[in-house]
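Contents: one structure, followed by commentary.
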Amino acid sequence: MRLAVLKERRAGETRVAATPETVKKLVALGLAVAVESGAGLASGLPDAQYREAGAEIAPDAASTLAGAGIVLKVRAPLARGEGERDELSLIPRGALLIGTLDALSDAGRARAYAEAGIDACSMELLPRITRAQSMDVLSSQANLAGYRAVVEGAGAFDKGFPMLMTAAGTIPAANVFVMGAGVAGLQAIATARRLGGRVSATDVRPAAKEEIKSLGASFVGYEDAESQAAQTAGGYARQLSAEFYAKQAEVVAAHVVKQDVVICTALVQGRKAPTLLTAEMVAGMKPGSVVVDIAADAGGNCALTVPGESITTEGGVKILGHRNWPGRIPAAASSLYARNLLTFLTTFWDKEAGAPKLPAEDEIIRGVALTRAGAVIHPQLQTAG
Ligand code: NAD
């Protein structure tokens, strides 16, 4: 069976869905791997390394995809009108497509896969269960995003993170505040602590409070009966009431004026990111302070964030609103993402058939499978009509 790895063409995407390391293992499964020329370049992986690992290097998307039974992607393939090339129309009928296809934000996407006869799996929908941890693309990428956010925040901050005691005097440690203590936020806390910052953090899920403390940061937040039930069965934060957010904002406003660097990571699944830092709060921050908003792809946690841009406010506060934070650390992000996909494929690999076997009743497959044999099968897409 032929497996195709395409070059990512969406704006700003630097990652790749397979690395020479994973290609070697895919070849060992018995797959003929085709990699589009230049697919790994933005992650520091030249064609020669893929060739050495046993892949065929194909010159363009069409030749890479010709005859493919499996297609590995980071982002959804470009459809007609979406960019320089219609990748979707080049994917053979019956192929299995695996990637972070962002399927719930655009129901038309799954319908297009069904019409094209493509069996698609959208990896961001993977259930957050122990068995799925090693395939969890959201976790692997969020972890790196949290790290990168602190490193870039430290770079943009014109003082240091650690307390520096020198013969010329002392520079105090930076106050770093992490908003949202999920996978990205916990890594941000750990990274800011390693750099010597004085770290505090907030979250709405009760379980997060202990996790924040166990990493040596102080917890800042508003808690009430509503926040006690803020976590869904899937482990995510719920959308909370306007009254709760107003109380939370009071606590945040009092804390944020004392902060040098604020790392925003708060998300509510399937919704716009909650606004936790208002323009007024930013106006109260010291000049030279830095806000790093890694929720920018979901609209941002800061009201002044311009997704995709870095700005400085009139009050001298820098707001880094880049999109695709994992893509800002591409070699590591590709390495972990590629391993996630490899684990998914090997977990559902039928050795005898030399092909993947995705049992519809498996909890993981129920979570990720969008389409099967020409029909949209994902429960969340069917109820959405
Ligand atoms: P996420 O990216 O959806 O959100 C980031 C954080 O923002 C969350 O901690 C959330 O509670 C927080 N948040 C939302 N609204 C907020 C607000 N108003 N103020 C402050 N914080 C707010 O979350 P995630 O990183 O994907 O993690 C989600 C959950 O999944 C966590 O409980 C995590 O422990 C769990 N998880 C489990 C596994 C596993 O068992 N396999 C793997 C990864 C994550």
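Whatever order the structure lists them in is the order used to number ligands and atoms, beginning at 1.
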Worksheet item: Near ligand 1, which protein residues have a heavy atom under 4.0 Å away?
Response: R128, I129, Q133, D136, S139, G180, A181, G182, V183, D203, V204, R205, G235, Y236, A237, Y245, Q248, T265, A266, L267, V268, P274, L276

Worksheet item: Taking 4.0 angstrom as the limit, do E82 and R9 come out as a salt bridge?
Response: no

Worksheet entry | Ionic contact status for D362 with K357, cut-off 4.0 Å | no

Worksheet item: Going by an N to O cut-off under 4.0 Å, is there a salt bridge joining D102 and R10?
Response: no

Would you mind writing out the side-chain donor-acceptor pairs for residues 270-283 within the sub-3.5 Å range, not counting sequence neighbours?
residue, atom, partner, partner atom, Å
T278, OG1, M281, N, 3.1

Item to complete: For N340, enumerate each residue passing the side-chain contact (heavy atoms from CB on, under 4.5 Å) test, keeping only those at least two apart in sequence or located in another chain.
Response: V137, S140

Fill in: Counterpart residues, side-chain contact (heavy atoms from CB on, under 4.5 Å), relative to D106 (two or more places apart)
R109

